[in-house]
Amino acid sequence: HPRVRRQRQMCIRDSYQSIAGIDFMKTLQDYIDKLNSLNFKEMYNNDFFWTWDKTDDELEAVFTVADALRFMRENNISTKVFESGLGISIFRDNSTRTRFSFASACNLLGLEVQDLDEKKSQIAHGETVRETANMVSFMADVIGIRDDMYIGKGHAYQKEFMEAVTEGNKDGILEQRPTLVNLQCDVDHPTQCMADMLHIIHEFGGVENLKGKKIAMTWAYSPSYGKPLSVPQGVIGLMTRFGMDVVLAHPEGYDVMPEVEEIAKKNAEKNGGSFTKTNDMAEAFKDADIVYPKSWAPFAAMEKRTDLYAEGDFDGIDKLEKELLAQNAQHKDWACTEELMKTTKDGKALYLHCLPADITGVSCETGEVDASVFDRYRIPLYKEASFKPYIIAAMIMLSKFENHFVIRTVRFQVSLDAGGYFFAQEVFEFAIAASRASWYQLTIFESDFTNPTSKTIVGLRQNPIFST
């Protein structure tokens, strides 16, 4: 019946527009406008080693693209910008969140992932870094490397690897130079700290609300001894750029790299915040808006461990491990307890952790955090981790596409059938199928529903992508 048909057509139209109509496109346009106000052209064809290598605009561009990609995925809009290509992951240390976040980010953009397992490669037979780098980079668009175990070695390996692919590209071996995303080195963990920061931005309602907020980056007890310094270093190197009052707390002897402390001091002076140190966990927690209690090994001990491994002194390594475990055991009171949390701002500080945490009575007898505290913040912690795939995807996009962020529209005219009638549902099925098979998204449905002989226009709007 024509009246029933018209009602069904109008219902389809109105329900679609309420989901992905004008407000939907306005949101995407807001992201585009924000990006167009930023200068991030130096990120194109460049690597992401440390956050302090990047300008304020470049960091903001990463946050903006990450939010845009998440918004698109949540609204079932394809974000694939690669027709083919590889994302190569190299993990020289164990990983769960970062490994799967890198794979998720590559998949989100349309890249296949290949993981280099060094034990299954020819590296054991003397293959050089130069050779490995070139051999794994055929058709690669991005390389993700984690190398955080040894002070002075991780960042150096990443640099050597990327110098090799740069040379390979210049020599005509590689048709393009893949870019690097640092998935954690001995100095910084940028994907983790940027995910932490984006979580904070969302929790506090925007960057503009962070000035003057106190964040306590504190050491906490762990029954293991060799945890990298890159997370606390990454936190103080990044959070001091947002006008926050950053406190680094640890027992005597658990210092981080002095070079990173200097970066934190300069950032605080430039951005109107502060950077202070204390050997008192309670002092750091007092009136804090954000707390980040996590274990790490002393910088001096990590340097010594690197030297011992280089010398092949395994007896010395065993001795050092026992010394460090005994040293840790003297500070079991450095734990995020319910009592300490009550001393934070209104007793409701945001609790952060890169995970996995050493949870007292759960994953260990005595650890970094009380089980009750962790359980109360479990959902926010998992949300914190969920930003990492989008942060990595944003880093990849900004390194592979120049700063042209546009929306394009194409219109298709649908002809009437011989009888002069059509079903709106059939038009929508066609348009939706076309949008799923391409980079276009159904956005417009125009029709005079009172006139059965009117023609219908269906619009497919191109997904917002970086385009040259």
Side-chain angles (χ1 to χ4, degrees), residues 43 46-54 58-59 62 87-103 105 115-116 118 123 129-130 132-133 136-137 140 142-166 178-197 217 226-239 241 255-264 267 292 294-307 309-310 354-355 388 391-392 394-396 399:
M43 296 188 77
N46 257 319
D47 305 313
F48 205 114
F49 286 107
W50 301 334
T51 62
W52 45 88
D53 285 338
K54 304 301 179 184
E58 288 168 349
L59 295 183
V62 173
I88 307 297
S89 59
I90 304 172
F91 285 88
R92 311 185 91 191
D93 193 7
N94 295 333
S95 174
T96 300
R97 275 147 297 278
T98 305
R99 182 186 297 274
F100 278 83
S101 291
F102 181 78
D115 184 64
L116 173 63
E118 294 189 346
I123 292 171
V129 173
R130 174 189 291 178
T132 301
V136 303
S137 295
V142 62
I143 311 289
I145 301 178
R146 166 171 286 189
D147 191 342
D148 60 355
M149 296 279 286
Y150 305 109
I151 293 292
K153 300 296 183 182
H155 176 64
Y157 174 80
Q158 292 180 353
K159 292 285 285 186
E160 183 181 2
F161 194 100
M162 296 314 295
E163 287 168 3
V165 297
T166 300
T179 53
L180 173 115
V181 174
N182 174 6
L183 300 179
Q184 191 175 13
C185 69
D186 52 320
V187 183
D188 191 13
H189 194 348
T191 63
Q192 177 65 52
C193 297
M194 291 286 284
D196 296 338
M197 192 70 234
M217 181 69 242
K227 296 193 176 182
L229 294 89
S230 40
V231 168
Q233 290 174 169
V235 168
I236 66 173
L238 179 63
M239 308 303 178
R241 297 181 68 167
D255 300 278
V256 299
M257 289 181 176
E259 303 93 321
V260 182
E261 288 190 13
E262 285 303 311
I263 290 168
N267 286 344
Y292 205 138
K294 186 204 175 304
S295 186
W296 65 81
F299 171 54
M302 292 294 275
E303 277 192 312
K304 184 176 181 181
R305 187 178 75 154
T306 298
D307 293 339
Y309 270 106
C354 56
L355 302 178
K388 191 182 288 188
I391 287 290
I392 295 173
M395 291 175 175
I396 295 171
S399 72

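Here the structure is a predicted model, which means the values were calculated and not measured.
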Rounded to the nearest 0.5 Å, what's the gap from OH on Tyr157 to CD1 on Ile145? Could you check?
5.5 Å
Counting neighbours of NZ on Lys153 that are heavy atoms of other residues, nucleotides or ligands and sit closer than 6.0 Å, is the number greater than 12?
no
Are Thr191 and Phe102 packed together at the side-chain level, in the sense that at least one heavy-atom pair is separated by less than 4.5 angstrom?
no
Give the minimum heavy-atom separation between His189 and Val231, together with the two atoms involved.
CD2-CG2, 3.9 Å
Scanning both residues in full, the closest heavy-atom pair of Gly237 with Asn267 reads O-ND2, 2.9 Å
Considering all heavy atoms of both residues, which atom of Asp47 and which atom of Lys54 are nearest to each other, and what is their separation?
O-NZ, 2.8 Å
Any side-chain heavy atom of Asp93 sitting closer than 4.5 Å to one from Gln184?
no
Trp50 side chain reached by Val187 side chain, heavy atoms, under 4.5 Å
yes
Could you tell me if the side chain of Phe48 sits less than 4.5 Å from the side chain of Val142, heavy atoms only?
no
So, for Trp52 and Gln233, which heavy atoms are closest and what is the spacing to 0.1 Å?
CZ3-O, 3.9 Å
Check: Gly144 main-chain N/O paired with Ser89 side-chain donor or acceptor under 3.5 Å
no
Are the side chains of Cys354 and Tyr292 in touch, meaning some heavy atoms are under 4.5 Å apart?
yes
Just verifying a value: how many Å separate Met197 CE and Met239 CE, rounded to the nearest 0.5 Å?
5.5 Å
Do Gln158 and Asn182 get their side chains close enough for a donor-acceptor pair, meaning under 3.5 Å?
yes
Do the side chains of Thr179 and Met395 get nearer than 4.5 Å, heavy atoms only?
no
Residues Met257 and Leu229: closest non-hydrogen pair is N-CD2, 4.3 Å
According to ring pair (Phe, Tyr, Trp, His ring centres under 6.0 Å), who are the partners of Tyr150, at least two apart in sequence or on a separate chain?
Tyr309
If I compare all heavy atoms of Arg146 with all of Ser95, which pair ends up nearest, and what's the gap?
NH1-CB, 3.3 Å
Between the main-chain N or O of Ile151 and the side-chain N or O of Thr306, is there a donor-acceptor pair closer than 3.5 Å?
yes
Euclidean distance, Gln192 CD relative to Thr51 OG1, rounded to 0.5 Å
12.5 Å
Taking atom OG1 of Thr132 and atom CD1 of Ile88, what is their separation to the nearest 0.5 Å?
12.0 Å
Could you tell me how the ring of Phe49 sits relative to the ring of His155: parallel (under 30°), tilted (30 to 60°) or perpendicular (over 60°)?
perpendicular
Report the C-alpha distance between Met217 and Lys294 in whole Å, list the side-chain angles of each, state the deciding distance to 0.1 Å, and finish with yes or no for side-chain contact (heavy atoms from CB on, under 4.5 Å).
CA-CA 8 Å; Met217 181 69 242; Lys294 186 204 175 304; 4.1 Å; yes
Hits for salt bridge (charged side-chain N to carboxylate O under 4.0 Å, His left out) against Glu163, two or more places apart or cross-chain, chain-then-number order -> none
Without swapping roles, check the side chain of Asp186 against the backbone of Gly152 for a donor-acceptor pair under 3.5 Å.
yes
State, with a plain yes or no, whether a side-chain heavy atom of Asp147 is found less than 4.5 Å away from one of Cys185.
no
Separation of Ser295 OG from Lys227 NZ (nearest 0.5 Å):
5.5 Å
How long is the gap from CZ on Phe91 to CG on Leu183, to the nearest 0.5 Å?
5.0 Å
Determine, step by step, whether Leu238 and Leu59 satisfy the side-chain contact (heavy atoms from CB on, under 4.5 Å) criterion, reporting the C-alpha distance in whole Å, the side-chain angles of both residues, the deciding distance to 0.1 Å, and the verdict.
CA-CA 10 Å; Leu238 179 63; Leu59 295 183; 3.8 Å; yes
Residues in salt bridge (charged side-chain N to carboxylate O under 4.0 Å, His left out) with Glu118, at least two apart?
Arg92
